[in-house]
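Let me begin by presenting the structure, written as structure tokens, before commenting on it.
Residues: numbered from 1 along the sequence shown.
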Amino acid sequence: MTANIEEHYNAYPYPARDPNDEHKRLITGSPSNPMEIDHHVFGGLRDWTKPLHVLVAGGGSGDGLVQIAQVLTDAKRPYEITYIDLSTSTRKIAEERVEIRGLKGINFVTGSLLDAPEYGEFDYIDCCGVLHHLPEPQAGFDALAKALAPNGGLGFMVYAPYGRSGVYPLQEAFAQLSAGMSPQDRLAFGKSVFQRVPQNHEFKRNTLVGDHMDGDAGFYDLLLHSQDISCTVKDIIGYLEHAGLALQNFTQPAMYLLDGLVPPDFKQPDGYSCEDEMALAEKLRGNMKTHVGYAMKVGEGVKLDPTDPAGIPHFIGEDPKKAAAFILQKGGMPVAINGQKIGLGISPQAAKLLGMIDGVANVGVLQKKSGLAVADFNAAWSKLSDLLCGYGLVLYSGLNKT
Ligand SMILES: C[S@@+](CC[C@H](N)C(=O)[O-])C[C@H]1O[C@@H](n2cnc3c(N)ncnc32)[C@H](O)[C@@H]1O
């Protein structure tokens, strides 16, 4: 099976990237964002003067690798990164991107992430869009767990089934019809059959998936993949448990709650766990096509305290002052996640606190600036912080602390 994967990614490295575009832009995302890693793995309080040892497992054409290395380089933080991927042509693109940016401290390996423990112990392992492409995802989780340093963390993205509705029947049909073809013939054949698939096929009605419209590599990766095992929340929890890991959190944990999905007075049946709730939210939303989260070894998990005076909050996305002005005018803030629009109710007092976030001041400084007594500040701040962290809109990190 691995031979098919190598053949696939050697023919159509994914995602398709032109190294020259590194002159123009930095691709950012989750996982692979050092501030997000700090927030979820190190309680937002990592000592960034110590080198971060990173494994980018299944690094592909280099998006996560480049983001981690560039952000740490810009922040003048020490790091060592090992990149590993099965595909040589994909690695070549990642190497060119790194070369153009002049990034140092990266060791490129062509091989399998199943051998990860042979390459050392890592404070952070980045595995984005890979584990669902292994013949046995469990073997991948197990291998990566063994390569974690004490108190290290795994950042993962795996495909989720419900937001990808319609993908799997097409993958199965294309696989049967194109058996034995070269990747190039399979692509041409797949595209010609796809045109004949009726408009009311589940896939063509799914507005959440679009990779097939994003060039040959996107079409191949989405519809002609030979090994694609999407994971429900329950599958992920099971894989993690077996590997001796526990979920720290998903990057947008509010999407895994039933709030807003059931009537406010609905009482959950006795005996329901957080995991049951997350699994139900996944089913009721039906719009998740990936799960992005962080995990650590069982017993090593860190709980972030939003009222710790040393924590430095960052508002992700818009300028916090503009967001605060908008909230004061409109009484709340809209967010769009997985195509779903959600309105966040935020009080005028909370909006003012949000407007004070500047990515430099820590929570202790914000409390003093707010003019509120510590207890009053802590109550208002925790409520705001929990709300925004729930949507991945606030991250705590001292990455840029001087
Ligand atoms: C969908 S791409 C994701 C690339 C990258 N992580 C990203 O998010 O852009 C999957 C990558 O995983 C690699 N891969 C698949 N199985 C692997 C394995 N067992 N060991 C290492 N790499 C693997 C493939 O060669 C491919 O480059």
Side-chain angles (χ1 to χ4, degrees), residues 13-15 17 19 21-85 90-111 113 116 119-131 144 147-149 151-158 248-249 251 290 292-296 312 314 316 359 392 395-401:
Y14 184 88
R17 296 287 180 241
D21 287 342
E22 296 313 309
H23 295 292
K24 298 188 261 183
R25 53 92 188 99
L26 174 68
I27 292 179
T28 56
S30 295
S32 333
N33 167 358
M35 281 198 196
E36 192 180 83
I37 296 164
D38 195 352
H39 179 98
H40 287 288
V41 177
F42 302 102
L45 296 172
R46 184 172 195 276
D47 176 359
W48 288 97
T49 62
K50 299 210 170 100
L52 186 74
H53 295 100
V54 179
L55 174 68
V56 182
S61 49
D63 283 1
L65 170 78
V66 169
Q67 179 179 197
I68 297 170
Q70 186 67 63
V71 171
L72 294 180
T73 301
D74 290 348
K76 301 193 172 43
R77 301 304 189 182
Y79 67 84
E80 272 176 27
I81 304 180
T82 300
Y83 159 108
I84 187 161
D85 200 289
T90 308
R91 164 180 167 169
K92 195 165 166 286
I93 297 168
E95 282 179 314
E96 281 177 36
R97 293 175 72 182
V98 159
E99 171 86 24
I100 285 175
R101 287 180 171 273
L103 297 167
K104 306 285 178 222
I106 301 167
N107 174 31
F108 283 92
V109 176
T110 298
L113 64 80
Y119 298 95
E121 280 196 331
F122 301 93
D123 305 313
Y124 174 63
I125 299 180
D126 193 81
C127 195
C128 179
V130 186
L131 290 161
L144 297 184
L148 276 180
N151 305 307
L154 165 71
F156 63 85
M157 182 281 269
V158 290
Q248 269 293 102
N249 227 332
T251 51
T290 61
V292 185
Y294 290 85
M296 297 177 76
I312 302 178
H314 300 259
I316 305 306
L395 296 173
Y396 289 83
S397 176
L399 178 72
N400 294 317
K401 194 163 74 176

If you round to the nearest 0.5 Å, how far is [atom2] of [Y] from [atom1] of [X]?
| X | Y | atom1 | atom2 | value |
| --- | --- | --- | --- | --- |
| Ile68 | Thr28 | CD1 | OG1 | 12.5 Å |
| Met296 | Asn151 | CE | CG | 5.5 Å |
| Tyr119 | Ile84 | OH | CD1 | 4.5 Å |
| Lys401 | Thr49 | NZ | OG1 | 9.0 Å |
| Leu72 | Ile37 | CG | CD1 | 7.5 Å |
| Glu95 | Leu65 | CD | CG | 10.0 Å |

Any residue meeting side-chain hydrogen bond (donor to acceptor under 3.5 Å, both in side chains) with [X], in chain and number order, not counting sequence neighbours:
| X | result |
| --- | --- |
| Asp21 | Lys24 |
| Asn107 | none |
| Asn33 | none |
| Thr290 | none |

Residues Leu144, Phe122; criterion side chain to side chain contact (heavy atoms under 4.5 Å, CB included); working and verdict: CA-CA 9 Å; Leu144 297 184; Phe122 301 93; over 6 Å; no
Residue pair [X] / [Y]: nearest heavy atoms and the distance that separates them:
| X | Y | value |
| --- | --- | --- |
| Pro34 | Leu399 | CB-CD2, 4.1 Å |
| Ser32 | Tyr294 | N-OH, 3.9 Å |
| Leu113 | Gly58 | CD2-N, 4.4 Å |
| Asp126 | Gly64 | OD2-CA, 4.4 Å |
| Arg101 | Leu26 | NH2-CA, 3.4 Å |
| Leu154 | Cys127 | CD1-CB, 4.2 Å |

Salt bridge (charged side-chain N to carboxylate O under 4.0 Å, His left out) contacts touching residues 34-45 (sequence neighbours left out): none
Pairwise side-chain contact, Ser30 with Met157, heavy-atom cut-off 4.5 Å (strictly under):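 Not in contact.
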Check: Ile106 and Phe108 side chains under 4.5 Å, non-hydrogen atoms: yes
Set of residues satisfying ring-ring contact (aromatic ring centres under 6.0 Å, His included) with respect to Tyr124, sequence neighbours excluded: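 So Tyr124 forms no ring-ring contact (aromatic ring centres under 6.0 Å, His included) with any residue.
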Contacts of type ring-ring contact (aromatic ring centres under 6.0 Å, His included), residue Tyr14, not counting sequence neighbours: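 Partners of Tyr14 under the ring-ring contact (aromatic ring centres under 6.0 Å, His included) test: none.
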Side chain to side chain contact (heavy atoms under 4.5 Å, CB included) involving [X] - partner list, sequence neighbours excluded:
| X | answer |
| --- | --- |
| Glu99 | none |
| Pro51 | His53, Pro78 |
| Pro15 | Arg17, Ser61, Asp63 |
| Ile100 | Pro19, Asn20, Glu22, His23 |

Contact list for residues 75-84, test side chain to side chain donor-acceptor pair (under 3.5 Å), sequence neighbours left out: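 Non-adjacent pairs meeting side chain to side chain donor-acceptor pair (under 3.5 Å): Thr73-Tyr79.
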Check: His40 side chain, Asn249 main-chain N or O, donor-acceptor pair, under 3.5 Å: no
Donor-acceptor under 3.5 Å (Asp123 side chain, Leu52 main chain): no
Intermediate values then yes/no, side chain to side chain contact (heavy atoms under 4.5 Å, CB included), Arg46 and Val41: CA-CA 9 Å; Arg46 184 172 195 276; Val41 177; over 6 Å; no
Step-by-step side chain to side chain contact (heavy atoms under 4.5 Å, CB included) determination, Ser397 to Leu395: CA-CA 7 Å; Ser397 176; Leu395 296 173; 5.8 Å; no
From CA spacing to verdict: side chain to side chain contact (heavy atoms under 4.5 Å, CB included), Leu103, Ile81: CA-CA 11 Å; Leu103 297 167; Ile81 304 180; over 6 Å; no
